[in-house]
Amino acid sequence: NTPRALASGLAVVVLVYALSLWVYLKALPVREIAASQAVAPEAAMRIMGPVGGTLVTLTMIVALVGAANASVLAAPRMFFAQARDGLLFPSLGRLHPKFETPSRALVVQCVWAMILAASGTYDVLLSYCTFAAWVFYTMTVAGLILLRRRHPEWPRRFMMPGYPWTPIVFVIAGAAFVGSTIVSRPGPSLAGLGLIASGVPLYFYWKRRTNYRV
């Protein structure tokens, strides 16, 4: 069911996004869309008045809270897993005695989020996040191809439809996106790449310290 859920969810998101763009183009001239800082509320106000703009703004806030909630749940648990594998400070791998949550990892994530929020504008942070995400998306799918070539004897719990062409197309598209981002926004992209690269020596340090094996 997981592949079906992912495919159907992605289809719904694409449909809603395309319909939203169609509404924006019908409600606002292109030059106003290009100059706008909040296209959705402005389009809603043009169609339904101030009440519509308020409703759309509230909907966007709810969606952002949901996305932030997912990040709060996921990111500290990566620190937690790294610590349990011996690749980060051991204290981050401890659970809260009462709530059984990675409380110290949550605190670290909170502090790091505040540092990032104070370091630049929303556009810069979005560029960091998007660029870094696509670097790892592309590397993950490329890793799938590499693992299947190196270990053809491993059992395949999930058969990727269209393999090997679907992951190859994804890797090409991801690499093109990363490359175009570096060309169009070299400052934030290279800063994000440097931030990612700064973790490499730390990884090898912890790996050597704990004799960790991938």
Side-chain angles (χ1 to χ4, degrees), residues 1-81 96 98-138 140 170 173-174 177-178 180-181 184-185 187-189 191-192 195-196:
N1 291 329
T2 300
R4 294 180 182 178
L6 290 172
S8 59
L10 180 61
V12 170
V13 170
V14 170
L15 178 62
V16 171
Y17 190 78
L19 290 175
S20 300
L21 291 177
W22 179 77
V23 170
Y24 301 158
L25 291 171
K26 290 292 183 180
L28 299 170
V30 174
R31 63 177 180 275
E32 290 187 23
I33 294 175
S36 175
Q37 297 296 319
V39 178
E42 289 187 17
M45 288 181 64
R46 190 70 59 89
I47 297 170
M48 297 178 288
V51 175
T54 301
L55 289 175
V56 169
T57 301
L58 291 174
T59 303
M60 293 171 63
I61 292 173
V62 171
L64 288 173
V65 169
N69 180 60
S71 297
V72 170
L73 288 173
R77 282 157 177 81
M78 288 190 283
F79 301 155
F80 173 79
H96 191 278
K98 180 179 179 181
F99 302 108
E100 297 185 354
T101 55
S103 54
R104 297 189 181 187
L106 283 164
V107 171
V108 170
Q109 170 69 11
C110 177
V111 172
W112 180 237
M114 290 190 292
I115 293 173
L116 289 177
S119 66
T121 63
Y122 175 79
D123 289 342
V124 173
L125 292 177
L126 182 62
S127 297
Y128 287 161
C129 179
T130 304
F131 178 79
W134 273 96
V135 168
F136 284 104
Y137 294 158
T138 306
T140 299
F170 186 93
F177 177 82
V178 170
S180 65
T181 305
S184 61
R185 306 199 67 175
S189 300
L195 189 61
I196 295 170

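Note that the structure is predicted; figures quoted are calculated from it, not measured. Computed over heavy atoms, backbone and side chain alike; hydrogens, waters and symmetry mates excluded.
- Considering every non-hydrogen atom in both Tyr137 and Phe170, the closest pair reads O-CE2, 3.8 Å.
- Scanning all heavy atoms of the two residues, the minimum distance from Gly174 to Thr138 falls at CA-OG1, 3.3 Å.
- Closest of all the heavy-atom pairs between Ile33 and Leu25 is CD1-CD2, 3.9 Å.
- With hydrogens and angles ignored, the 3.5 Å screen pairs no side-chain donor or acceptor of Thr57 with any backbone N or O of Pro41.
- Going from atom CG of Leu64 over to atom CG of Asn69 covers 12.5 Å, rounded to the nearest 0.5 Å.
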Give every donor-acceptor pair under 3.5 Å between a side-chain atom in residues 42-54 and any protein atom, sequence neighbours left out.
from	atom 1	to	atom 2	distance (Å)
Glu42	OE1	Ser36	OG	3.4
Glu42	OE2	Ser36	OG	3.1
Arg46	NH2	Glu32	OE1	2.9
Thr54	OG1	Pro50	O	3.0

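- For the atom pair CG of Asn1 and CG of Leu6, the computed distance is 11.0 Å after rounding to the nearest 0.5 Å.
- The two atoms that bring Ser71 and Pro76 nearest to each other are O-CD, 3.7 Å, heavy atoms only.
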Show the atom names and distances, to 0.1 Å, of all donor-acceptor pairs under 3.5 Å that link a side chain in residues 98-111 to residues at least two apart or in another chain.
none

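- With Val16 as reference, Val12 is the one residue of Val12, Leu19, Val14 to meet the side-chain contact (heavy atoms from CB on, under 4.5 Å) rule.
- One finds the CZ atom of Phe136 at 4.5 Å from the CD1 atom of Ile196 (value rounded to the nearest 0.5 Å).
- Here OG of Ser189 is found 14.5 Å from CH2 of Trp134. Values are rounded to the nearest 0.5 Å.
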